[in-house]
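Numbering starts at 1 and runs along the sequence shown. Every number for a ligand or one of its atoms is a count from 1 in the order of the listing. Values below: every heavy atom of this structure, side chains too, minus hydrogens, waters and symmetry copies.
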Amino acid sequence: MDTITLQGLSQCRGEVDLPGSKSIANRALLMAALCASGTVTELRHMLRSDDTERMLEALAALGVGVTEVTPTTLRVQGCGGQWPAQPEQLYLGNAGTAMRPLTAVLAATQTSPVVLTGDARMQERPIADLVDALREGGAQISYQNNAGYPPLQLSGAMKGGTVHVNGSASSQYISALLMALPLLPEPSTLILTGTVVSWPYIELTLAMLRDFGIVIEQVGAQQFQIAGKQEYRSPEQYWIEGDASAASYWLAAGVLGGGPLTIHGIGKKSIQGDIQFIDYLRQMGGEVALHDEYAVVSGGKLRAIDVDLNAIPDAAMTFATLALFAEGTTCIRNVANWRIKETDRLHAMATELAKTGATVEEGDDYLCVTPPARLQPSQIATYDDHRMAMCFSLLGFSEAGVTIADPACSAKTYPLYFQEFQRLCR
Ligand SMILES: O=C(O)C1=C[C@@H](OP(=O)(O)O)[C@@H](O)[C@H](O)C1
Ligand SMILES: C=C(OP(=O)(O)O)C(=O)O
């Protein structure tokens, strides 16, 4: 397995173009495919990474026509939920944004049996809350191995009605249902139970559904009213914003390396919740100017923060390694669902941060990090988790330095990350 060693960096400046947002890209691909037959949607600034390739492969297996104009401009032919091909199995790797939405959308549209599966880690990531909701709406779903986890077989379409979904483990179950229920023959009422996590991703789904002509009525905080037989309407062209979670690494590196670093692709009107990373970074002492279509980071002296980051679980990880450069104890709270992502991120973070000499407290749903007087050289394991690899690149700004295992795992969402890091940070 390859490693990368980074040490003694003191500057990070220049210009970086963010890749397209993973969350927007995979939603846009699926929504474009659901548009009426005969429509073509041109998706621009498409992310090309492991997660989007898994979605593209699934759509290809379902017979959806996708033409590559350039690697980042794709034309997707709509099929209105009448899939031209009937695959027996779809392999979705470890892409939550492919597995959860496709489970719901295929449960709403597919009539012949299909198995949805993923890699070893995906088979450990729970999906029962979504399956229970789909079954309540009439879907026929069976678990192929372990109850509550992929692989699962879908063998009969849903109808509609009242559907309850527990949103306390993942917002992706709710987003998936919001994308699927409008396709049903009957209207539905979606009722959210539990304390819903990662709420901005639900807002992102609602914003994109509006862009694709779907009408959803929110009734109070935890209920949606959804008419059936809706048609996704092609916006013809759709621009995918830069990835705000990926921006967090550049924002952090720009603070540690003094900037100025201009980050293109995110801006004041971003529809991604992770844009809030900037507010917390400023609270920590980072100097960031956010413009309409880019951000400029120009350094700062860091102090610890103690914050609830439930709304931004992905960018939140970046604060765990940034904490090593801040004065005081940084606590990241209300992130229990870190444990069911690419790896158990609370445990993985705590284990790897401790290698630097930091004092780390791993709670059930929080992490507190106090930097040591002097950071120690560390060999960091990454657990096939793109964010573990990218977060620990920040340790390159220490004298002690870091060796990161398997940096190529960043390809889940950002294949060029380490190449760009070495171009910009010295
Ligand atoms: O809907 C989405 O695009 C996502 C929602 C979040 O997951 P959870 O809702 O499981 O926290 C996030 O961590 C993931 O990377 C992408
Ligand atoms: C949690 C993540 O991915 P997924 O979409 O697979 O849940 C992530 O990208 O940090």
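- Ring geometry for Tyr238 versus Phe212: interplanar angle of 30 to 60°, hence tilted.
- Partner of Asp344 under the salt bridge (charged side-chain N to carboxylate O under 4.0 Å, His left out) criterion, chosen from Arg125, Arg339, Arg121: Arg339.
- The parts of Ser171 lying near ligand 1 are both backbone and side chain, judged by heavy-atom distances below 4.0 Å.
- Note on ligand 1: Lys341 sits in its first shell, one or more heavy atoms being nearer than 4.0 Å.
- Using a 4.0 Å heavy-atom cutoff, Val197 is absent from the residues neighbouring ligand 1.
- In terms of protein heavy-atom proximity, atom 1 (C) of ligand 2 is closest to Glu342 OE1, 3.1 Å.
- Residue contacts with ligand 1, taken as heavy atom pairs separated by less than 4.0 Å, involve Asn337 solely via side-chain atoms from C-beta onward.
- With a heavy-atom cut-off of 4.0 Å, Thr97 touches ligand 2 through backbone and side chain alike.
- Gln140 and Ser155 share no side-chain donor-acceptor pair at under 3.5 Å.
- Of all protein heavy atoms, the one lying nearest to atom 10 (O) of ligand 1 is Ser170 OG, 2.6 Å.
- Looking at Ser198 next to ligand 1, an N or O pair under 3.5 Å apart turns up.
- Between the side chains of Arg44 and Thr72, no donor-acceptor pair of N or O atoms lies under 3.5 Å.
- Nearest to atom 15 (O) of ligand 1 among the protein's heavy atoms is Asp314 OD2, 2.5 Å.
- For ligand 1, one of its N or O atoms has an N or O atom of Arg27 under 3.5 Å away.
- Looking at Glu241 and Ser270, their side chains do bring a donor and an acceptor atom within 3.5 Å of each other.
- For the pair Asp51 and ligand 2, the shortest N or O to N or O distance does not fall below 3.5 Å.
- Neither the backbone nor the side chain of Met317 comes within 4.0 Å of ligand 2, counting heavy atoms alone.
- Taking every non-hydrogen atom of Lys22 and a distance limit under 4.0 Å, the qualifying atoms of ligand 1 come out as 14 (C), 15 (O), 16 (C).
- Residue Gln172 has at least one N or O atom closer than 3.5 Å to an N or O atom of ligand 2.
- The distance criterion of under 3.5 Å between nitrogen or oxygen atoms is met by Ser23 with respect to ligand 1.
- Of all protein heavy atoms, the one closest to atom 16 (C) of ligand 1 is Gln172 NE2, 3.4 Å.
- Residue Asn94 approaches ligand 2 through these ligand atoms, each under 4.0 Å from one of its heavy atoms: 6 (O).
- Under 3.5 Å, the side chains of Tyr414 and Glu420 contain no donor-acceptor pair of N or O atoms.
- The option from Met388, Arg125, Lys341 that lies nearest to atom 7 (O) of ligand 2, judged by heavy atoms, is Arg125.
- Ring orientation note: the planes of His45 and Trp239 are close to parallel, at an angle under 30° on the 30°/60° scale.
- One side chain, Ser168 or Asn166, offers a donor N or O that lies under 3.5 Å from an acceptor on the other.
- Between Tyr249 and Tyr417, a ring centre-to-centre spacing shorter than 6.0 Å is recorded.
- In terms of N/O distances under 3.5 Å, ligand 2 is approached by Gly96.
- Interface atoms of ligand 1 facing Thr97, defined by a heavy-atom separation under 4.0 Å, are 2 (C), 3 (O).
- Contact analysis leaves Arg121 out of contact with ligand 2, as no non-hydrogen atom separation drops below 4.0 angstrom.
- Side-chain contact of Thr329 with Thr370: a donor-acceptor pair under 3.5 Å is present, judged by distance alone.
- Using a 3.5 Å distance cut-off with no hydrogens or angles, the side chains of Thr39 and Tyr232 do not pair a donor with an acceptor.
- A side-chain donor from one of Glu352 and Tyr383 sits under 3.5 Å from a side-chain acceptor of the other.
- Closest to atom 10 (O) of ligand 2 among all protein heavy atoms lies Arg387 NE, 2.6 Å.
- Under 3.5 Å, the side chains of Asp51 and Thr413 contain no donor-acceptor pair of N or O atoms.
- Aromatic ring orientation, Phe319 versus Tyr280: perpendicular (interplanar angle above 60°, classes split at 30° and 60°).
- In this structure, atom 2 (C) of ligand 1 lies nearest to the protein heavy atom Tyr201 CD2, 3.2 Å.
- Those atoms of ligand 2 with a heavy atom of Lys412 less than 4.0 angstrom away are 3 (O), 4 (P), 6 (O).
- Protein heavy atom nearest atom 5 (O) of ligand 2, with residue, atom name and distance: Lys22 NZ, 2.8 Å.
- Annotation: Arg100 places no N or O atom under 3.5 Å from an N or O atom of ligand 2; distance criterion only.
- For the residue pair His386 and Ser410, no side-chain donor N or O sits within less than 3.5 Å of a side-chain acceptor on the partner.
- Listed by atom number, the atoms of ligand 2 under 4.0 Å from His386 heavy atoms are 8 (C), 9 (O), 10 (O).
- Asp119 places a side-chain N or O within 3.5 Å of a backbone atom of Met122 that can act as its donor or acceptor partner.
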